[in-house]
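Presented below is the structure to which this report refers.
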Amino acid sequence: MSALDQLYSAAPLLLQEVATTWYGWRVYRRRYKGIFAEEARRVRERESWSTEQFIAYQIQQLRQIGEVARHSPFYRERFQLAGFDPAALEKPADLSVLPLLSRDQLRLHGQDMLTARPEHDVTTYKSSGTSGTPRNIYRSRRMDQMIWAYWDARCWNWFGASHRSRKAVFGVRKVHPVRRMDPPFWRHDWLTGICYFSIYHLRRENLAHYCRELQRFAPELMLAYPSAIYPVARFALDEGVSLPRPRGIVTTSETLSAEQRRTIEQAFGCRIYDQYGAAEACVFGATCEQGHLHVSPDFGYLEVLKADGKPAEPGEMGEVVCTGFLNELQPLIRYQLGDVVRLSRLSHCACGRNMPIIEEICGRVEDMLHTVRGDPVIRFDPAFKGVHGIREGQVVQRAKDLFIVRIVPDPGFSADEEATLIRNMELHLGPGHVIRVEKVAQIPRTASGKFRAVVNEMASSA
Ligand SMILES: [Zn+2]
């Protein structure tokens, strides 16, 4: 714990709220002042573009980011070796002469990728991912304002909210000392209208408090990890407790199961709008009114590649490789974000936007498990189908032929349910595997508080 955290923990409640408000105001200024309004207007303007217009824009942006990247020792060498000249780029696919940029390379050579000396307004963001090796991502204030222009125009505006909406946030900030077991489990930023809820106190005995505060605060917009608000939603439905009706709930970072989505949407009486992005800020996706996750082609150039490096066809699983247009200080060109997705076969959406659709975010590359025959498996939803009495489940591969299903059981979980679960797993994986069910009181989160549905323990021990 840092000295500042210790000071915060020891301070009286009122002072903690003052500190939260001060923090919130600084965040607000960094995000929504300066070029933010003008950028948001431009982003909204481009929204009605045709596919051809977007491609022409991508070519121009790729040339520009390539030219800027030449000012960094890392890319200068890279371009020379590949014989790549950004000015000669005629179509986005011409970029494929360049090698992929791995997350390890960003960790080791992030400094060499800088195109200029970082100025005073540059913030470094740590992207730890699930592997726990932090990478420093340099972002200028201008760039941050551009990113939040996309959030405003291409996510919140799509369901009638904006950066000014009253927000309830269920994030990783430790707003309430973790050891304190008494309410309030939230703190307010009184100036910009945000209530930060602690995700570290979501025990059943505390949930009534959460529901009451949510009802009182009446957020217009909620930002949350699905695994954090799911218990609140489940509790409210089970106990008949009423919850507020925000305009929308935006979820990020974790894949959302069908059961989580149903429960959360029912309890809050509004839709979930999934947002797709990362601290690296080279891809931005958001859900439209039709429920489709659109990728903004003017935010970055997205490639979805198969294991052999060839582009995946729509409907096929592939790895996300992206080139961001916004970061001129530390360009990320053909960066392996680490996600596996499936692009939709749909060529257009009823909402009228000409932006590619991600059909499914399948998981993380490191979460991709393989059967004894070597077939990739990433989603295990079918294994849990028709099995009752499970609050949370996680699939762990411990050896080539050994799978553990870790579950948090409800009282309704019987031996029959367990047998069904094992049978489902056998059907899903095919013959030749040992499957064990492990009952636990809770499933540990990652260092950054995220829930993982699939864990490859072979990879971490290798
Ligand atoms: Zn749409």
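Reckoned from all heavy atoms, side chains included, excluding hydrogens, waters and symmetry mates.
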So with a 6.0 Å cut-off around [atom1] of [X], is the heavy-atom count from everything else above 12?
{"X": "R76", "atom1": "CZ", "value": "yes"}
{"X": "H348", "atom1": "NE2", "value": "no"}
{"X": "R26", "atom1": "CZ", "value": "no"}
{"X": "E77", "atom1": "CD", "value": "no"}
{"X": "L81", "atom1": "CG", "value": "yes"}
{"X": "R345", "atom1": "CZ", "value": "no"}
{"X": "E438", "atom1": "CD", "value": "yes"}

*Determine, step by step, whether L106 and I137 satisfy the side-chain contact (heavy atoms from CB on, under 4.5 Å) criterion, reporting the C-alpha distance in whole Å, the side-chain angles of both residues, the deciding distance to 0.1 Å, and the verdict.*
CA-CA 9 Å; L106 173 58; I137 296 132; 4.3 Å; yes
Between the side chains of [X] and [Y], does any donor sit under 3.5 Å from an acceptor?
{"X": "W156", "Y": "E220", "answer": "no"}
{"X": "E319", "Y": "Q336", "answer": "yes"}
{"X": "Q61", "Y": "Y301", "answer": "no"}
{"X": "Y335", "Y": "Q105", "answer": "no"}
{"X": "R30", "Y": "T123", "answer": "yes"}
{"X": "Y276", "Y": "D339", "answer": "yes"}

Any heavy-atom pair between the side chains of [Y] and [X] that's under 4.5 Å?
{"X": "P219", "Y": "K167", "answer": "no"}
{"X": "I194", "Y": "Y28", "answer": "no"}
{"X": "R173", "Y": "Y23", "answer": "yes"}
{"X": "V68", "Y": "Y75", "answer": "no"}
{"X": "V169", "Y": "C195", "answer": "no"}
{"X": "I264", "Y": "M222", "answer": "no"}
{"X": "Q58", "Y": "F325", "answer": "yes"}
{"X": "E392", "Y": "F451", "answer": "yes"}

*With F170, which residues qualify under ring pair (Phe, Tyr, Trp, His ring centres under 6.0 Å), at least two apart?*
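Testing F170 for ring pair (Phe, Tyr, Trp, His ring centres under 6.0 Å), a comparison that skips the adjacent residues, returns F197.
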Which pair of heavy atoms, one from [X] and one from [Y], lies closest together, and at what distance?
{"X": "R46", "Y": "F54", "value": "O-CZ, 3.3 Å"}
{"X": "P409", "Y": "V440", "value": "CD-O, 3.6 Å"}
{"X": "F79", "Y": "A69", "value": "CZ-CB, 4.0 Å"}
{"X": "P118", "Y": "L114", "value": "CG-CD1, 3.9 Å"}
{"X": "K306", "Y": "P311", "value": "CE-O, 3.8 Å"}
{"X": "H201", "Y": "V178", "value": "NE2-O, 3.4 Å"}

Would you verify whether the NZ or CZ of [X] falls within 45 degrees of the ring axis of [Y] while also being under 6.0 Å from that six-membered ring's centre?
{"X": "R445", "Y": "Y225", "result": "no"}
{"X": "R139", "Y": "Y125", "result": "yes"}
{"X": "R353", "Y": "W158", "result": "yes"}

_Sidechain-backbone polar pair: R271 side chain, E289 backbone, donor-acceptor under 3.5 Å_ =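 Yes; at least one donor-acceptor contact below 3.5 Å.
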*Would you confirm whether T124, through its side chain, and Y138, through its main-chain N or O, come within 3.5 Å as a donor-acceptor pair?*
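Looks like no, no N/O pair under 3.5 Å.
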Nearest 0.5 Å, please: how far is [atom2] in [Y] from [atom1] in [X]?
{"X": "I358", "Y": "H294", "atom1": "CD1", "atom2": "NE2", "result": "11.0 Å"}
{"X": "T371", "Y": "D401", "atom1": "OG1", "atom2": "CG", "result": "11.0 Å"}
{"X": "Y273", "Y": "L221", "atom1": "OH", "atom2": "CG", "result": "11.0 Å"}
{"X": "L343", "Y": "L293", "atom1": "CG", "atom2": "CG", "result": "10.0 Å"}
{"X": "Q394", "Y": "I407", "atom1": "CD", "atom2": "CD1", "result": "12.0 Å"}
{"X": "L98", "Y": "R334", "atom1": "CG", "atom2": "CZ", "result": "7.0 Å"}

Residues [X] and [Y] bridged, charged N to O under 4.0 Å:
{"X": "R142", "Y": "E119", "result": "no"}
{"X": "R141", "Y": "D144", "result": "no"}
{"X": "E38", "Y": "R41", "result": "yes"}
{"X": "R164", "Y": "D152", "result": "no"}
{"X": "R262", "Y": "E259", "result": "yes"}

_With side chain to side chain donor-acceptor pair (under 3.5 Å) as the criterion, how do D189 and T20 come out once you've worked through the C-alpha distance, each side chain's angles and the decisive distance to 0.1 Å?_
CA-CA 5 Å; D189 161 2; T20 305; over 6 Å; no
*Between F185 and Y200, does a side-chain contact (heavy atoms from CB on, under 4.5 Å) hold up when you go through it step by step?*
CA-CA 9 Å; F185 306 110; Y200 306 96; over 6 Å; no
*Do M355 and V295 pass the side-chain contact (heavy atoms from CB on, under 4.5 Å) test, and can you show the C-alpha distance, the side-chain angles, and the key distance before you say yes or no?*
CA-CA 6 Å; M355 303 175 186; V295 184; 5.9 Å; no
*asked:* The test is ring-ring contact (aromatic ring centres under 6.0 Å, His included); show your working for W25 and W22 and say whether it passes.
replied: CA-CA 5 Å; W25 174 240; W22 175 76; over 10 Å; no
*asked:* Checking R44 against E47 for the salt bridge (charged side-chain N to carboxylate O under 4.0 Å, His left out) test, could you report, in this order, the C-alpha distance in whole Å, the side-chain angles of both residues, the deciding distance, and whether it holds?
replied: CA-CA 5 Å; R44 268 191 291 274; E47 200 165 306; over 6 Å; no
*For the pair R42 and E45, evaluate salt bridge (charged side-chain N to carboxylate O under 4.0 Å, His left out) and give the outcome as yes or no after the intermediate values.*
CA-CA 5 Å; R42 287 191 189 151; E45 227 169 63; over 6 Å; no
List, one per line, each side-chain donor-acceptor pair under 3.5 Å for residues 422-431, sequence neighbours excluded.
unit_1	atom_1	unit_2	atom_2	d
N424	ND2	A383	O	2.9
N424	ND2	K385	O	3.0
H428	NE2	R379	O	2.8

*asked:* With side-chain contact (heavy atoms from CB on, under 4.5 Å) as the criterion, how do N327 and L332 come out once you've worked through the C-alpha distance, each side chain's angles and the decisive distance to 0.1 Å?
replied: CA-CA 8 Å; N327 201 346; L332 295 178; 5.6 Å; no
_Mutual orientation of the aromatic rings belonging to Y210 and W186 [parallel < 30°, tilted 30-60°, perpendicular > 60°]_ = perpendicular
*Relative to the ring of W151, is the ring of W148 parallel (under 30°), tilted (30 to 60°) or perpendicular (over 60°)?*
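Because their plane-to-plane angle is under 30°, the rings of W148 and W151 count as parallel.
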